[in-house]
**Student:** 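Take this structure first; my questions come after.
So you know, we letter chains A, B, ... as the sequences are listed, proteins then strands, and number each from 1.
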Amino acid sequence: MKDDPNALLPLPPATLHILLALTGGELHGYAIMQEVLRQTDGRYRIWPGTLYDNMQKLVRRKLVKELGAKERDEDSRRRYYRLTSLGGGILSAEISRLEGVVRDAKLQLADFKPGRA
Amino acid sequence: MLRLIYSVLLRLHPAAFRQRFGPEMLSIFDNSSARATLVADAVLSMARQWALRKDFRAPEQAPILAGRGPFQLTNDRYGAWRNPVLVGLLPALFNFALISFLIARGGIPGGYTIGSKRVDRTGFRIVTPAAPADLDTQVVAAVRPDILDTFKGREMVRRFYRMIPALDAIDANHDLVLSLEEIDNAPQVLRSLDRNRDGVLEVSECGWPRFRTVYEQLPGEEDVMKSNPVLAALDVDRDGRISAKEMKYSASTLKLLDRDHNGRLTPDEVLSAGQRKLMEEFLNHRRP
């Protein structure tokens with residue numbers, strides 16, 4: 001794991017959405033997929049291959065903690081994940097970065113005068 | 001069919017990835033309606049894992065959980081479970097303490113467990129052999145089996161038997177061997193030795209040596225209740241006398257002395273260490 005959180009930025013879209021979905025609490029993989037779909041109004045879908053490819057990286061970098069299965073879950077194959085404090089910090093840093101991008105973009109667009117074709 | 005294909009594709013993933021995420025990916029597949037897309041996703045995932053994720057192929061070692069001790073190393077990815085440790089450790093400590101307690105107190109709570117020949121309440125037969133007659137002199141060689149074949153040898157054994165009224169009485173036919181029948185009859189025989197009818201055999205009734213001069217030749221055997229194997233075995237609680245309860249279970253207690261498990265007690269099993277030593281010296285002197 002890299003010591004400087006900013007070294008992980010910018011986050012890929014899939015990573016960003018996974019971390020964002022986990023801010024709501026502990027979720028299993030399928031719930032993360034559904035949460036991402038809900039947050040993006042159905043415009044961005046993460047498939048399992050992408051989800052777990054990202055998840056193994058996030059767990060190894062300790063941005064997400066793998067909690068394992070829950071006893072009373074209806075499907076014992078499900079494993080739950082939780083955002084760590086480090087993951088939360090990274091997500092906050094990414095959101096701040098994106099806010100800066102949006103702010104700059106708005107300023108740029110305000111001065112933008114499209115030329116005639 | 002698609003599920004089968006999806007399962008096969010999952011199995012084609014690197015082992016570390018498959019073992020870690022395979023079941024949950026299959027769970028998602030079972031809950032999803034876009035199964036054809038999931039199959040395509042699995043193909044891409046498989047290619048990605050093999051081509052681009054070489055660093056993740058080695059399975060992660062289970063962490064040693066800080067503060068929980070080195071004995072909790074485990075292959076479980078989620079670390080040692082506290083609960084199974086408690087479930088295993090606490091009963092083990094409890095059992096250890098319980099058995100130590102029973103052994104330390106002589107093992108006869110109500111005459112039911114360790115040290116008793118009776119079947120205990122759990123249904124297990126717990127048997128502790130009688131303590132050696134003389135813990136300080138473990139020494140002596142076994143009496144030669146042919147000791148009873150000679151007249152002098154038989155007389156010597158007979159003399160030793162007569163020193164111990166209990167032993168002499170149990171050997172009803174005076175053949176110097178306690179047969180199974182004689183052993184089984186021991187409770188009645190011992191009760192007959194209770195001259196004062198107090199239900200207890202004192203040393204004067206069952207074991208006081210009639211020929212004290214002989215015993216004076218055997219240092220360390222002044223206490224006949226401890227030195228003679230038969231009396232030591234009968235006196236289970238080591239209080240120097242044989243109680244009614246000890247008489248009641250005397251047959252079972254005496255059978256513990258049958259070291260060679262031949263169903264009878266021979267002189268080398270019922271005589272004291274000092275007596276056996278005397279006999280050995282006698283035989284060696286007689287047959288150098």
**Student:** More than 12 heavy atoms of other residues, nucleotides or ligands under 6.0 Å from NZ of A:K57: yes or no?
**Tutor:** yes

**Student:** Between atom CD of A:Q56 and atom CD of B:Q49, what is the distance when rounded to the nearest 0.5 Å?
**Tutor:** 4.5 Å

**Student:** Might you point out which heavy atoms bring B:S27 and A:D75 nearest each other, and give the distance in Å?
**Tutor:** OG-OD2, 2.7 Å

**Student:** Supply the atom-to-atom distance A:D53 CG to B:L44 CG, rounded to the nearest 0.5 angstrom.
**Tutor:** 11.0 Å

**Student:** Under the criterion side-chain contact (heavy atoms from CB on, under 4.5 Å), I'd like the reasoning laid out for B:I28 against A:Y52: C-alpha separation, chi angles, the key distance, then a yes or no.
**Tutor:** CA-CA 12 Å; B:I28 292 173; A:Y52 291 111; 3.3 Å; yes

**Student:** Can you confirm whether more than 12 heavy atoms, excluding those of B:R11, are under 6.0 Å from its CZ atom?
**Tutor:** no

**Student:** Is the backbone N or O of A:W47 less than 3.5 Å from a side-chain atom of B:D41, with the two atoms forming a donor-acceptor pair by type?
**Tutor:** no

**Student:** When rounded to the nearest 0.5 angstrom, what distance separates CZ in B:F21 from CZ in A:R77?
**Tutor:** 16.0 Å

**Student:** Is B:R48 atom CZ crowded by more than 12 heavy atoms from other residues, nucleotides or ligands, each under 6.0 Å away?
**Tutor:** yes

**Student:** For A:T50, is it the side chain, the backbone, both, or neither that has a heavy atom closer than 4.5 Å to a heavy atom of chain B?
**Tutor:** both

**Student:** Using a cut-off of 6.0 Å, state whether more than 12 heavy atoms not belonging to B:R241 lie near its atom CZ.
**Tutor:** no

**Student:** To the nearest 0.5 Å, how far apart are CZ in A:R79 and CD in B:E24?
**Tutor:** 7.5 Å

**Student:** Roughly how far, to the nearest 0.5 Å, is CZ of B:R20 from CE of A:M55?
**Tutor:** 10.0 Å

**Student:** To the nearest 0.5 Å, what is the distance between CG on B:N31 and CD on A:Q34?
**Tutor:** 9.0 Å

